[in-house]
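These notes are about the structure you will find just below.
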Amino acid sequence: MQTPYVRPQENGNRPDVRWAAIGDGAGRGSRVEGEDLFHLAARRWTDRGLDAARHQHELIPGPVVHLHTDHAVQGLGSASVGPGVLPRHRLELGPARFTFVLTPLGPE
């Protein structure tokens, strides 16, 4: 789910996910389902590996899929080379409830 940018970075997030199934092609894996819509990213490398990579070829897929689920994600913009995040896309600190269910998939 990663977009192959020259400089690897956090991307591949999918918003408004209701459920997703991640498997190995033989039917083994996991299903994640949210009570409400959520954000999802799945990668074959760690966040540390993604942060350390300067080029796409430096991302070495590992033996597991790292699944990231989020209740909310802040919009783009840092004000370092342009405007900051627009108010409607700003993620404000506050309490939140986030419920999802993980179910194993595959032969029993």
Side-chain angles (χ1 to χ4, degrees):
M1 294 173 55
Q2 175 90 8
T3 302
Y5 294 136
V6 173
R7 165 65 171 96
Q9 55 189 288
E10 174 61 49
N11 66 57
N13 182 65
R14 301 302 195 265
D16 299 332
V17 174
R18 185 168 314 283
W19 67 271
I22 309 294
D24 64 1
R28 294 179 303 260
S30 297
R31 176 185 163 101
V32 58
E33 183 172 357
E35 185 175 299
D36 296 315
L37 297 178
F38 60 97
H39 292 253
L40 175 82
R43 295 190 292 268
R44 299 290 297 206
W45 42 83
T46 64
D47 286 344
R48 183 174 285 143
L50 183 62
D51 186 52
R54 297 293 171 241
H55 300 282
Q56 190 70 26
H57 71 272
E58 295 172 350
L59 290 172
I60 309 300
V64 299
V65 173
H66 299 267
L67 185 64
H68 299 263
T69 57
D70 289 293
H71 171 66
V73 174
Q74 179 151 305
L76 298 176
S78 65
S80 63
V81 293
V85 177
L86 295 174
R88 71 177 184 265
H89 299 294
R90 191 172 298 135
L91 188 59
E92 301 292 343
L93 182 62
R97 292 185 58 102
F98 179 44
T99 302
F100 62 92
V101 176
L102 288 172
T103 306
L105 300 175
E108 297 193 22

So which heavy atom on [X] is nearest to which on [Y], and how close?
X	Y	result
Ala52	Glu58	O-OE1, 4.2 Å
Leu59	Gly49	CD2-O, 3.8 Å
His66	Arg44	CD2-C, 4.1 Å
Asp70	Phe98	C-CZ, 3.7 Å
Ala26	Asp24	N-OD1, 2.8 Å
Phe38	Arg18	CE2-O, 3.5 Å

Query raised in the report: Relative to the ring of His57, is the ring of His55 parallel (under 30°), tilted (30 to 60°) or perpendicular (over 60°)?
Result: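 Judged by the thresholds at 30° and 60°, the geometry between His55 and His57 is parallel.
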Query - Contact check, side chains of His68 and Asp47, non-hydrogen atoms, under 4.5 Å - result: yes
**Report entry** Backbone N/O of Gly106 and side chain of Arg28: donor-acceptor pair under 3.5 Å
**Finding:**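 Looks like no, no N/O pair under 3.5 Å.
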Query - same_hphob_cluster(Leu67, Val17) at 4.5 Å side-chain heavy-atom cutoff - result: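 Result: yes, single cluster for both.
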Query raised in the report: Are Phe100 and Ile22 joined in one hydrophobic group, where the rule is that I, L, V, M, F, W and Y side chains link up if heavy atoms are under 4.5 Å apart?
Result: yes
Query raised in the report: Considering the options Thr103, Val101, Leu102, which one meets the side chain to side chain contact (heavy atoms under 4.5 Å, CB included) requirement together with Val32?
Result: Leu102
Query raised in the report: What residues, two or more places apart in sequence or in another chain, satisfy salt bridge (Lys or Arg N to Asp or Glu O under 4.0 Å) together with Asp51?
Result: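 Asp51 satisfies salt bridge (Lys or Arg N to Asp or Glu O under 4.0 Å) with no other residue.
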Report task. Rounded to the nearest 0.5 Å, what's the gap from CG on Asp16 to CG on Leu40? Could you check? Result -> 12.0 Å
